[in-house]
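See structure below.
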Amino acid sequence: MTYKPHITQVKKDEIAEIKALFDKYKVAGIINLDGLPTLMLQRIKFALGDSIHLKPTKKRLIKIA
């Protein structure tokens, strides 16, 4: 008997969206936001304006994508 993992449709959609973002943009940065204060994240988003696209997601889904 072999184990076949069950991947939900939500996770499949998330992986497809991450792949589309990697194809759309020439530069992609993957950063760990763990422990980053919310105020600092808000200031970064405000300073960079529309020149940045943030997509918070799980590390495992990024590896799969």
Side-chain angles (χ1 to χ4, degrees):
M1 186 167 140
T2 60
Y3 173 74
K4 184 177 179 186
H6 174 71
I7 301 173
T8 63
Q9 188 61 40
V10 174
K11 288 183 181 180
K12 289 179 183 179
D13 295 341
E14 183 80 16
I15 291 169
E17 187 176 347
I18 294 168
K19 285 181 180 181
L21 288 173
F22 281 138
D23 290 339
K24 182 178 180 181
Y25 296 104
K26 291 193 294 186
V27 177
I30 299 173
I31 59 171
N32 184 2
L33 297 176
D34 188 36
L36 183 71
T38 305
L39 183 59
M40 187 176 289
L41 178 61
Q42 289 174 347
R43 287 181 180 169
I44 291 170
K45 286 171 60 174
F46 180 75
L48 295 174
D50 291 336
S51 64
I52 188 171
H53 178 85
L54 291 177
K55 176 69 178 156
T57 190
K58 293 184 175 185
K59 183 176 18 176
R60 179 74 179 143
L61 295 179
I62 293 172
K63 286 180 181 180
I64 293 171

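Residue indices begin at 1 and follow the sequence shown. Everything numeric here is computed off the predicted structure, so don't read it as measured data.
Between L41 and L54 there is a side-chain heavy-atom pair separated by less than 4.5 Å. Using a 4.5 Å heavy-atom cutoff, the side chains of K11 and H6 are not in contact. With contacts defined as side-chain heavy-atom distances shorter than 4.5 Å, the pair K12/Q9 qualifies.
Taken from CG in L21 to OG1 in T57, the straight-line distance is 10.0 Å, to the nearest 0.5 Å. Atom NE2 of H53 is separated from atom CG of L48 by 13.5 Å, given to the nearest 0.5 angstrom. Interatomic distance, I64 CD1 to R60 CZ, rounded to the nearest 0.5 Å: 4.5 Å. Considering CG of L61 and CD of E17, their distance stands at 11.0 Å, rounded to 0.5 Å. With values rounded to the nearest 0.5 angstrom, E14 atom CD is found 13.0 Å from I7 atom CD1. Going from atom CD1 of I62 over to atom CZ of F22 covers 6.0 Å, rounded to the nearest 0.5 Å.
Cluster annotation: I30 is not connected to L33 through the hydrophobic network of ILVMFWY side chains, with a link wherever side-chain heavy atoms come within less than 4.5 Å. V10 and I15 fall into different hydrophobic clusters, where Ile, Leu, Val, Met, Phe, Trp and Tyr residues are linked whenever their side-chain heavy atoms come under 4.5 Å apart, directly or through other members. Following chains of ILVMFWY side-chain contacts shorter than 4.5 Å, one can reach L36 starting from I52, so the two form part of one hydrophobic cluster. No path of Ile, Leu, Val, Met, Phe, Trp and Tyr side chains, each step under 4.5 Å between heavy atoms, connects F46 with M40, placing them in separate hydrophobic clusters.
K55 NZ: more than 12 foreign heavy atoms inside a 6.0 Å radius.
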